[in-house]
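Remember, it's 1-based here, ligands and their atoms both numbered in the order they're listed.
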Amino acid sequence: MGMRSYQQFIGGRFVAGWGTGSIERRAPASGERIATYADGSPTDMDLAVESARIAFEEGPWPRMSGMERAEVLNRLAELIRANRERLLGIEVEEVGKPIRFARGDIDGAIGLTRYAASLAMQMAGLSYTNIGEGKTALVTREPVGVVALVTPWNFPALILSQKVPFALAAGCTVVLKPSEFTSGSAFEIAALASEAGLPAGAFNVVSGYGATVGDHLTTHPGIDFVSFTGSTRTGSRVVANTSRHLVKSSVELGGKSANIVFADADLDAAIDGALMGVFFNNGECCVSGSRLFVQSSIADQFIAKVVARARAMKVGDPFDEDTDIGALIDSNHLEKVAGFVRGGIEDGAELVLGGNIAGGMAGHFHEATIFDRVEPRMAIFREEIFGPVLSITRFDTTDDAVRLANDTAYGLSNYIWSKNIDTVLTVAKRLRSGWVQANTIIDGAPQLPLTGVKGSGFGYEMGQAGFEEFTQLKTLLIQTGSRAPVFPIRGGQ
Ligand code: TXE
């Protein structure tokens, strides 16, 4: 694709910034140098927040009609489509994800941007005329202000699109801190937004490390709202940061989702779902179905088929159309995944496939790995591995399945496979997660909100609810005509 070099994007243009040096990105699949991003400084962040503040207080964006904002966002969606192949290449190269799956990221970004455009037209409040004689009340919805967005490396363009167009649709202005591993698409999309007619300062991007610019942004007194996606550990730090200035936040964190297969499921579909659940995006996915629960009566056969299919999967070059599993994000992460696998073996789980770092290649590859007979006490049952590692646990009754599924610190998503509507609905109600899908997996649409419970965070992303996160209600009560004295006070005569 050619080496790319990105400066900061502040006030509608690329600027050198005040940081010293740059962050070098090497392709996780080949080790080759592919990009540099500016190593941002707190001063860059101050300038970006100030630029967003001026754009919010004085610029045209929050004052435009919903129709005008929708037009800009629809033009952005068209420009993302026109640049689809370039953005796709950047995502595949910087993340190491297989191109076959990465197409869905760019198409998803287009769909999210279009949906957000439609919401810009529908930003409405409520009115009341039943409060009393001569009284009219308006509950209006306003943009929350300058929003700080922090995104992770696993779906750079897609997660950006779960946040940025929704914030812009509401009339907010934005400062985005993308992941230091995968900042390319954020700068590309910010430039496209300018080309689409977004006013200068409405969408700023500052790259850099979490400990410097991320921390500075989320403690900044000049922001009104933070939307963060990333690890539970960093998420709780971000919430602590925002609490200093009583700033509202939404945090979408990790997961350890259950993928529950009942004996009465469409088993071929469920096998597919088991593979998709854990190997999609190399397993680097917050909603992956990384814990597979299989009803004992079908377990031997079902697991054998899952293992046979997984054995045939191809690990390798993410640009190869046949690749199922690409490279993991970096060597530290590969080591972390390998450590979980070693731990699983030591804890006594039964390794039935893979188990090794995939050798013979320049990048950070790990074999498709499956453990059977995983128990709740084991780390591979409890911790988010974020790699191509499946943990299987067998269960007998529906109660067992629900108890095992809920035995986790997380609560992002869960999946059920059964043809029995009673089973689907009763189990779905009992699962503690923001998201449940039955007979499909890692599915969705821009209209559908994503949210977590427990260690998976709080707040909404996507959907009407995700849009409303970027808004603030104002209650306006108006008295018309004459009214009774304000203080018909005792002793007042
Ligand atoms: O995440 P971090 P990391 C999980 C997954 C993965 C682990 C670590 O298990 O193995 O997290 O990934 C920025 N103030 N998920 O270390 O640190 C950081 O620069 C403000 C699940 O990459 O959470 C990046 O832009 N920001 C997750 C973003 O936070 C800070 C997706 C996320 O990085 C900061 C990614 C600070 N003090 C990882 N420190 C999901 N929900 O899908 C860092 N950042």
Side-chain angles (χ1 to χ4, degrees), residues 23 25 28 37 39-40 42 45 94-97 105 148-156 158-160 162-163 175-186 205-220 223 226-244 247 249-257 280-288 290 328-340 364 366 379-380 382-389 408-413 433-435 442 450-452 454-459 461:
I23 298 172
R25 181 64 179 151
Y37 320 123
D39 181 2
M45 217 26 122
E94 293 186 13
V95 185
K97 61 171 71 197
D105 291 17
L149 309 177
V150 180
T151 51
W153 44 259
N154 53 346
F155 296 95
L158 187 70
I159 294 177
L160 175 156
Q162 293 175 3
K163 300 182 193 291
V175 179
L176 169 68
K177 209 296 279 173
S179 166
E180 56 272 31
F181 294 114
T182 57
S183 305
S185 55
V205 182
V206 174
S207 57
Y209 292 103
T212 48
V213 283
D215 233 30
H216 194 68
L217 175 63
T218 51
T219 47
H220 206 292
I223 56 166
V226 175
S227 174
F228 170 87
T229 301
S231 63
T232 299
R233 187 157 165 233
T234 305
S236 73
R237 184 178 169 97
V238 165
V239 172
N241 284 351
T242 56
S243 72
R244 284 198 218 170
V247 165
S249 63
S250 162
V251 290
E252 201 265 271
L253 311 174
K256 191 72 185 174
S257 305
F280 171 68
N281 210 58
N282 307 334
E284 295 168 321
C285 176
C286 54
V287 290
S288 73
S290 52
L328 299 185
I329 195 73
D330 77 339
S331 56
N332 287 335
H333 187 54
L334 176 64
E335 205 26 69
K336 185 177 135 189
V337 170
F340 274 118
H364 317 301
H366 198 282
I380 55 170
R382 313 208 74 80
E383 310 269 336
E384 184 178 51
I385 300 174
F386 232 54
V389 181
T408 168
Y410 292 106
L412 194 55
S413 58
S433 58
W435 222 33
I442 316 186
L450 174 64
T451 184
K454 302 197 283 184
S456 294
F458 50 78
E461 192 117 312

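At the top of the distance list for atom 37 (N) of ligand 1, counting protein heavy atoms only, stands D215 OD1, 2.8 Å. Of all protein heavy atoms, the one closest to atom 12 (O) of ligand 1 is W153 NE1, 3.7 Å. Among protein heavy atoms, atom 4 (C) of ligand 1 sits closest to E384 OE1, 3.3 Å. Taking atom 38 (C) of ligand 1 as the reference point, the nearest protein heavy-atom neighbour is F386 CE2, 3.8 Å. Protein heavy atom nearest atom 40 (C) of ligand 1, with residue, atom name and distance: C286 CB, 3.4 Å.
Using 4.0 Å as the threshold, P178 has a heavy atom nearer than that to some atom of ligand 1.
With a 4.0 Å cut-off on non-hydrogen atoms, E284 does not touch ligand 1 at all. At a heavy-atom cutoff of 4.0 Å, ligand 1 is contacted by the backbone of T151 but not by its side chain. Counting heavy atoms closer than 4.0 Å to ligand 1, residue K336 contributes side-chain atoms (C-beta onward) but none from N, CA, C or O. Contacts of C285 with ligand 1, taken as heavy-atom pairs under 4.0 Å, are absent altogether. Residue contacts with ligand 1 for V150 involve side-chain atoms from C-beta outward but no N, CA, C or O (heavy atoms, distance under 4.0 Å).
Protein heavy atoms are found inside the 4.0 Å sphere centred on atom 10 (O) of ligand 1. Shown here, atom 16 (O) of ligand 1 is out of close reach of the protein: none of its heavy atoms lies under 4.0 Å off.
Remark: side-chain polar atoms of Y37 are not paired, donor with acceptor, to backbone N or O of V206 under 3.5 angstrom. E384 places no side-chain N or O within donor-acceptor distance of the main-chain N or O of K256, the cut-off being under 3.5 Å.
Of the N or O atoms in T234, one or more lie within a sub-3.5 Å distance of an N or O in ligand 1.
Of all the heavy atoms in G230 and P152, the pair that sits closest is CA-CB, 4.3 Å.
Closest heavy-atom approach to atom 41 (N) of ligand 1 among the candidates I385, D330, L253: L253.
Remark: the K163 side chain and the S227 side chain contain an N/O donor-acceptor pair separated by less than 3.5 Å.
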